[in-house]
Structures are given as structure tokens and as C-alpha cells.
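Taking it in order: structure first as C-alpha cells, then the write-up.
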Amino acid sequence: MTDFGATGSHPHELRRGRSLFDLDDRTRRRNRSEGAFRWLGIGAIALSMVFIVILLGTIVARGLPAFTQTTITIEVPLDAAVLDPNGTGDPEVIRSVLTFGYAPLIERGLAGTVAATGVETELTSSQLPQLLSPGVAATLRDMVAADPSLVGQTVQVEALASGRADGYLKGRVTRESLARDTNLSPAHLDVLDALVEQDLARRAFNWDFILGADASESRPEEAGIGVAMIGSFYMMLTVLLLALPIGVAASIYLEEFAPQNRLTDLIEVNISNLAAVPSIVFGILGLAAFIQFAHLPQSAPLVGGLVLTLMTLPTIIISTRAALKAVPPSIRDAALGVGASKMQSVFHHVLPLAMPGILTGLIIGLAQALGETAPLLLIGMVGFIASNPPDGFIDGFVSPNSAMPAQIYEWAKRADPAYYERAWGGIIVLLLFLLVMNVLAVLLRRRFERRW
Amino acid sequence: MFDNRISERRTMTNEIKIRAEGVDVYYGDNHAIKDVSVDISDKMVTAFIGPSGCGKSTFLRCINRMNDTVASARVDGTILLDGEDIYDKRVDPVQLRARVGMVFQKPNPFPKSIYDNVAYGPKIHGMAKNRAELDEIVEKALKRAALWGEVKDRLAAPGTGLSGGQQQRLCIARAVATEPEVLLMDEPCSALDPIATAQVEELIDELRQDYSVVIVTHSMQQAARVSQRTAFFHLGHLVEFDETDRIFTNPTDPRTESYISGRIG
Ligand SMILES: Nc1ncnc2c1ncn2[C@@H]1O[C@H](COP(=O)(O)OP(=O)(O)O)[C@@H](O)[C@H]1O
Ligand SMILES: [Mg+2]
């Protein structure tokens, strides 16, 4: 453009007799603009790096607390008078005691533990259990149900602290913020401080967050992403088992076998268009086709997987076709030239060479599907409380479940700030999965590219 | 540097291997080959020469039906291999290509080992009952392609790692490994240096003992050196087809004469 601008006199005449060390205006101008362009590029990259650092920093800072959880060590007397009033010793009778029956025992145990610390408090012993999760009674009941011989003994329990108490240790809850809170009072925090001092209350790594199930709205301290992770796993398995063979077969047919005509052109255009269709459209399509028409169960990972398969197929087909197209035609000629059939030439030579590209496309598609939330909204996987892991492999496909991004969305919606923290924690887990998938994509590509 | 000695050692059998009659090829509306009839003899090297774009490759690719892979291509007329019409409905082009091998302009070894390159054809045609037989076929093919000595110690090395001339000889080995009866070569030396070219030319002359060889070349010297018969194509027409000596010393058509004297092309 400007490089071609007329300078008035013939450049070669200007150039003649001039020293090489003496840059002419044109060169200087060109160097200036090249320099400016380079700085522009560096600036753009620096800016995006800054954003990535801010993004990752925020996610880590907000999500990391979800990976630890506070427990309070208490000594609970498993009073036989409460759990087995008639002294039957019958495990069935003991198991029939409701969690409700354990509450007074926990109250007594906590009061004893607190009294042992020697801290002065105006709280009555019935107010103290607000420091603990309501789920502790159920945990205790499960423990006794598993081993009825514990009745009559005093057991030491690592009781889960309540969301508020846990929040205090993580700095999320302060005395000021408790002023308007009916669940916990500053007096509780004094007790908590004393417990922390004696190492009776402490934060430890929270495996239950990664492996556990979702909990009800009032018990954020118990909620985990594990079951939703299983849901995501089954969806990914469905997508992998369907989208890979269908996508690759469709691509091979379109790229290598299909005649070039109006129909294939139309199909091609439509596949490209489908890749740009908003994912929620696939969601409503899945609702209509798989749930209302085919009567598949609602909220089932199988249906989620089918919807995500539809959504992922265009991506896989487009990248697979690009990978096939990138294989030099001379390879096909070579195979046909020695008397290989079309199919032999494709499967023996073209496909192996296209493999790195196909795998990259597949993993990008899977990663996309893993993070997808909107279509799950319409088939009932968002908002489903995934509180029980599936029983067995087949059940995993059909029993109602959630998925990681849906679980995160669900937590972010809930009122308790402890859930907000878990939403960020869930984001970290999701990002780790995506990271692993991307690394896998790179490794697979390397592995397959090594065949010269 | 080169003389015509190779073509002096001719063996004139006049058994016809391929007979083309009134062949027309169209790419869509482009009439690329116009009414070409030619007889290609067995155990002889036939060269196709002519300016670029005149249809040499197109006609060559008709002989093993490689044009079937070009969607827009249409072939009319008959081509007989040993008296049988290769465009007959009952003919499977894949089976035909096992009998009519092809070597391409640009060396195109598979991105596999040298061994696998040569073994591929015999494998898919079930020519070897076991590994030992396959080894034998590979060795024989590589020897025929005058490559054995250079690669016998690294058969597992990638074929794509060889030099250009070696790659082309590997492609020839790959083609002869399936024991074809006709070998089609489309400018096999155009990507090679003079030394590699000389090696390949020598090879072609040896292959003549067993095969009917058809070679497309843009180099008239090459045609003169390796072939016994030469066909001159111009704008889709077969202008002249005769003994190579005659074409180069005493052409009948003025177009042939101007081409070989450097005025066309
Ligand atoms: N695949 C193809 N599709 C369409 N036209 C082609 C194709 N291959 C060759 N042609 C046309 O056919 C004519 C002959 O080409 P070709 O046989 O390659 O000539 P040569 O090998 O003698 O240089 C040219 O006009 C060329 O443009
Ligand atoms: Mg050509």
C-alpha cells in the first residue's frame, strides 16, 4: 500500500551512489511501522497473559477453600438408655433409632468437649450444636448401624463443623457478619477459638468435596461434586462411544467416497451450520426427541450424552474432514496404484495419517461437551440434587444425575455463601479435567505423529 | 553424456499387450484426449512425449483406470489388455491395477518402513503365505529396483527418509513387487538429479525383460535413451507413433519435427 506510493523520482536513481549505512526515508518508515507492529503484537499477548493470570488467580483464591473443611473432635457417649432403652442388644432395634435420637447425645458430647477446654460461655448446651453440621447425627447413626456393639461406649468423632463455623476458620464469616445471623452468634466463635487453640477444631483436606454427593441447601459443608462427576463421566462415555464412530464414519464417507453433487454440498453446508447452532437448541431437541418421544428417563446421563453427541458431532466431523483433507492425495494414488481398494487405501494409509488431527478434534469436542450446561437445563440435569451415586455400571447411564457444570451452576444459585465457595471449587475441578484432556490431546498427537 | 546404446539392444517382439482404439477423454467440457488409437507391445518400452498439457498423463492414467478417481473424467472408446476390454462393466478396476502397476511423477512412498512399502501390495493381494515368502518377495523387488544393496541393512527405516532417487526406486520396487504385467511411469525422473535419473533409466531398460513399460517423459533425450517406441501427443491428439529411432531422425508429421527440434513446447 504505502510501500507502492510514488516518490516522484526513480528510486533506483536515489539509491545509486548512496552509502549502505545511510538508511533512506522509505526504509526508515518501513522499519518504524514494522517495529510498531511488533510492539502491538507483544502488547496484545501481554494483555491476554494479564487477563489469564487475573482469571486463574481469582479462581484459585476463591475456590481453594472448598478443598478444606473444618471438623471438631468430640467425645460422644453412645448412651444405651437412649439407643436401646429396653436393653435388648438387638441390632435391629438399635438400627431403628432415628437420627433425631442422636441429637441429644451429640449435644452432650459437644458440651462435654467444650467444658473440657475450660472456656467461659453464656451459651446453653442446646445452643452449642449450631457449631456442628446437622449431618453429624446421620453420620453417627450410620456408624452405630454398622457396628451396634458401640452402644454403651463413648466414641471419638471427627464431627463436621457447620458451614458458618467452617466459614469463620476460612475468614469468610466474621463477628460483624454474624450480627444479623440467627444461625450462629459471636459467642459461638469464642468457643470455636478455644477449640482451635486446643487443636480440637481444625481444617483438613476435604476428600468429600471431590468424591461426595450434593447436599441439601442447609448443609453446604456436606456437599461434594463427586456424584456429578460420575454423571459427567457417563455422559462423556456416551459421547465418546457414539460421536467418535459416527463422526469419523460420516467424515470418511463424505471426504473419500461421496460423489460431489448438490446433495453432498447441502449436507456439508448444514454440518457447518450445525456447528454454530446454540447448544440450548440441542437441549430442547433432546427434550422432544429423547424424553417426550422416546420416553427415556429424565435427568439421565444417557440423555445428556445423546444431546451432547448431537452437539459435538459437527465439531468432530469438521475436524476429521480437515484432517483427512490434509493427507496428501499422492498417498491415496500410491495405494490405488498397487491395487488397493478405496477402502484399503483409506483404512491402511489415510486414516492413520489423519489420526492426530482426528484425535485433537475429538478431544476438543469432548472438552466442549464436558463444560456444556445449557442443554442440560432442558433435560432436567440442572437443578437435580445428585445425592446418591448410581448402583452399578448400567444404572450410571439411566439413573438421574447431574453433571459437573450443572452442579456448579446449581451451587452458585444457592443463597449460602458457603455454596458460592463450592461453586468456585467446582470450577477448579472442572478446569483440572479440561487441562488433563488437553494434555492428553497433545500427548496423543505426539504419539501418533511419530510414525514419520 | 548419454548415447543411444540402450535402445540399440532391442528385442523386437511384436506381441501387442495393450490396444487402445478411438479413446476420448473429457474432464467435464474439456476434451483432453481426442480419438487416440495406439498399440503397445509387450516387453518393450513405449515413451509418450509431447508439450505439457497435451494429455500424456491423462492417457496413461486411462490404462489402469486411475481416471476413475477423478469425478469429472469420462472415458470413451476401448482399451484392451490382452484382448479384454478394461472398461467393460465386469472389470473391477482394483484387480486391473494389480496387473497394471504405476509409478508416479513425484516419489510417493508410504510413510512406513522400506519393508512395509514394498510388502504392502503383495500383502493385500495375498501373494505370500508366510513371512519368509514375503521377505523373499521384498528382497526380489528391491533387487529388481536396484535398491537392495543400499537399503538391505535398514529395511525397518522409514521409506520417506531416503533420498529422492532412492524413494523413486522404492516406488518402482513397490510397483514390481505385485508382479504386474504392465508398468506405467508418469515422468518418473522429473524430480530426480541426473545421477539418479541415469540409475532409474538403466532400471527401466532392465524391467523391459519382464514387463511392458510405458513411460511419460518431457525429456526427448530420455525417450531416445530408454524407449523402443515413441508416441508424440499434441493438444490431445496422438500425432505420431513409431519406432523411437524413426521419430527422432525422420518424423513424418511437421508438428513432431518442430517439437523435437525445439520449436513447440
Ligand atoms: N484432474 C483433472 N481435472 C480436470 N482437468 C484435468 C485434470 N487433469 C488434467 N486435466 C486437463 O487435461 C489436459 C491434459 O492434462 P495432462 O494429461 O496432465 O497433460 P500432460 O501430462 O501431458 O502434461 C490439460 O488440459 C489439463 O488441464
Ligand atoms: Mg503430466
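Values in this document were obtained by computation on a predicted structure and should not be read as measured data. Each chain gets a letter, A, B and so on, in the order its sequence line appears, and its residues count up from 1.
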Legend entry - Aromatic contact, H349(A) with Y120(B) (centres under 6.0 Å): yes
Legend entry - Short side-chain to backbone donor-acceptor contact, Q168(B) and L192(B), under 3.5 Å: no
Legend entry - Residues of residues 122-135 of chain B with any heavy atom under 4.5 Å of a heavy atom in chain A: I124(B), H125(B)
Inset, instruction - Using non-hydrogen atoms and a 4.5 Å limit, figure out which bit of Q344(A) sits close to chain B: side chain, backbone, both or neither. - result: both
Legend entry - Options A334(A), S330(A), G337(A), ranked by heavy-atom pairs under 4.5 Å with chain B, top entry: A334(A)
Inset, instruction - Go through M66(B), K106(B), R99(B), Q95(B) and name the one with the most non-hydrogen pairs under 4.5 angstrom from chain A. - result: M66(B)
Legend entry - salt bridge (Lys or Arg N to Asp or Glu O under 4.0 Å) partner of D210(B), the single match among K140(B), R144(B), K43(B), K17(B): R144(B)
Inset, instruction - Flag yes if more than 12 heavy atoms outside L80(B) fall under 6.0 Å of its CG atom; otherwise flag no. - result: yes
Inset, instruction - Indicate yes or no for a side-chain donor-acceptor contact from S212(B) to the backbone of S41(B) under 3.5 Å, with no hydrogens or angles considered. - result: yes
Legend entry - Under 4.5 Å from a heavy atom of chain A, the part of S72(B) involved: neither
Legend entry - Non-hydrogen side-chain atoms of K112(B) and T160(B) separated by less than 4.5 Å: no
Inset, instruction - Count the heavy atoms belonging to other residues, nucleotides or ligands that lie under 6.0 Å from CZ of F433(A), then report whether that count exceeds 12. - result: no
Inset, instruction - For atom CZ of F37(A), decide whether the heavy atoms of other residues, nucleotides or ligands shown that lie under 6.0 angstrom number more than 12. - result: no
